[in-house]
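Throughout, numbering of the chain's residues begins at 1 and tracks the sequence. Side chains are part of it too, since the values below use all heavy atoms of this structure and drop only hydrogens, waters and symmetry mates.
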Amino acid sequence: MASRTAAAARRSTWRSFCPSSLRLSAGSSRLCSSKQATQKDKPRSTYRPEPSSTHDWVGPPNSLSNIRPIIYHIPENETELEKRLRNLRQDTEDWNHNFWAKQNITFSKEKEAFIISQLKAKGLTLRDQDGRRRSLNSEEMATFYKSFLDKNRVRHANYNKEWYRRNFTITLLLARVTLNSMWRTVTERQSSKNNGTPTS
């Protein structure tokens with residue numbers, strides 16, 4: 001009974017969305033699509049729903065990267081172009097998650113080391129006599145934040161370039177998929193009219 005309750009609780013953190021709501025913007029591509037994603041990213045989540053044929057799944061933010069994983073739906077008659085788009089979104093999701101997970105871990109470690117070093121320079125321990133954690137004031141922390149940003153400036157610039165490149169490619173593929181879908185709909189309707197078959 002307890003295991004069923006736990007499983008239900010995990011499922012409740014995932015939300016199902018109509019795919020059209022996530023296809024409007026390339027910026028929404030913090031993705032995760034297909035069965036490959038469910039197998040590849042198991043360490044990121046203990047529970048991942050199976051891909052749907054009609055809806056996308058959006059999960060809770062990852063504890064390291066703070067990025068919400070998305071399992072994109074797999075259409076029953078997925079074209080090669082749609083598959084290419086889905087795979088690119090998945091690859092971008094993995095790349096984006098890995099970058100921010102590593103960056104956030106590095107930030108936390110360096111921040112902690114900075115605080116300890118500053119307290120040590122003052123002759124203080126990390127915790128006071130009552131066991132409460134000591135902290136630095138905003139001006140002292142501003143020194144660390146500026147130093148961290150300066151040290152990672154090139155890395156962040158390279159990330160931004162790659163992010164824009166990937167999203168530009170995703171946008172182009174998305175436009176092609178949309179146009180192909182519209183053209184297929186038009187031709188099917190035209191074919192039905194010529195054959196005298198009513199369309200839905």
Side-chain angles (χ1 to χ4, degrees), residues 4 7-102 158-200:
R4 292 180 182 176
R10 288 193 296 270
R11 285 194 294 272
S12 66
T13 61
W14 286 81
R15 295 290 182 266
S16 176
F17 288 90
C18 178
S20 60
S21 65
L22 290 171
R23 285 185 172 180
L24 296 178
S25 170
S28 299
S29 59
R30 292 177 184 171
L31 9 257
C32 213
S33 65
S34 84
K35 295 180 180 178
Q36 293 178 348
T38 63
Q39 296 170 356
K40 185 175 181 180
D41 290 340
K42 278 184 179 178
R44 293 172 58 184
S45 175
T46 56
Y47 172 78
R48 298 181 74 81
E50 286 296 318
S52 167
S53 63
T54 57
H55 291 80
D56 301 325
W57 289 99
V58 180
N62 180 269
S63 60
L64 295 178
S65 66
N66 296 319
I67 293 175
R68 290 181 177 272
I70 299 175
I71 299 179
Y72 279 92
H73 81 292
I74 304 177
E76 293 183 358
N77 299 313
E78 184 180 45
T79 65
E80 284 300 316
L81 191 61
E82 289 173 331
K83 184 177 180 180
R84 182 180 166 191
L85 172 62
R86 179 169 55 80
N87 288 337
L88 178 58
R89 283 177 158 179
Q90 173 60 51
D91 182 68
T92 302
E93 148 92 8
D94 296 338
W95 167 80
N96 200 31
H97 163 77
N98 290 334
F99 175 88
W100 285 112
K102 292 176 182 177
N158 290 337
Y159 165 83
N160 286 334
K161 289 177 183 177
E162 180 65 10
W163 176 247
Y164 285 123
R165 186 192 69 80
R166 285 173 175 269
N167 275 278
F168 181 73
T169 305
I170 287 172
T171 301
L172 288 180
L173 282 175
L174 188 58
R176 290 179 61 188
V177 167
T178 302
L179 288 174
N180 284 353
S181 178
M182 291 173 61
W183 178 251
R184 187 165 58 246
T185 300
V186 170
T187 55
E188 286 176 355
R189 288 181 177 177
Q190 187 63 38
S191 176
S192 296
K193 286 182 180 179
N194 292 340
N195 295 332
T197 305
T199 59
S200 56

At what distance, to the nearest 0.5 angstrom, does CG of N167 lie from CH2 of W163? 4.5 Å
Test: ring-ring contact (aromatic ring centres under 6.0 Å, His included). Region: residues 75-95. Which pairs qualify, not counting sequence neighbours? W95-Y159
Gap between atom OG1 of T79 and atom CZ of R86 - 0.5 Å precision: 10.0 Å
About how many Å separate CG of L174 and CD of E82, when rounded to the nearest 0.5 Å? 10.5 Å
By side-chain contact (heavy atoms from CB on, under 4.5 Å) - contacts of R176 (at least two apart): L81, R84, L173
Is a donor on one side and an acceptor on the other found under 3.5 Å between the side chain of T185 and the backbone of S181? yes
Just by modelled atom types, is the D94 backbone N or O under 3.5 Å from a matching donor or acceptor in the N98 side chain? yes
Can you name the side-chain contact (heavy atoms from CB on, under 4.5 Å) partners of L64, sequence neighbours left out? N62, A101, I105
Of all the heavy-atom pairs spanning H97 and S65, show the shortest one and how long it is. ND1-OG, 2.9 Å
How far apart are the closest heavy atoms of P60 and P69, and which atoms are they? O-CD, 3.1 Å
Mind checking side chain to side chain donor-acceptor pair (under 3.5 Å) for E162 and listing every partner two or more places apart, or none if nothing turns up? R165, R166
Minimum heavy-atom separation for G59 and R68, please, with both atom names. O-NH1, 3.1 Å
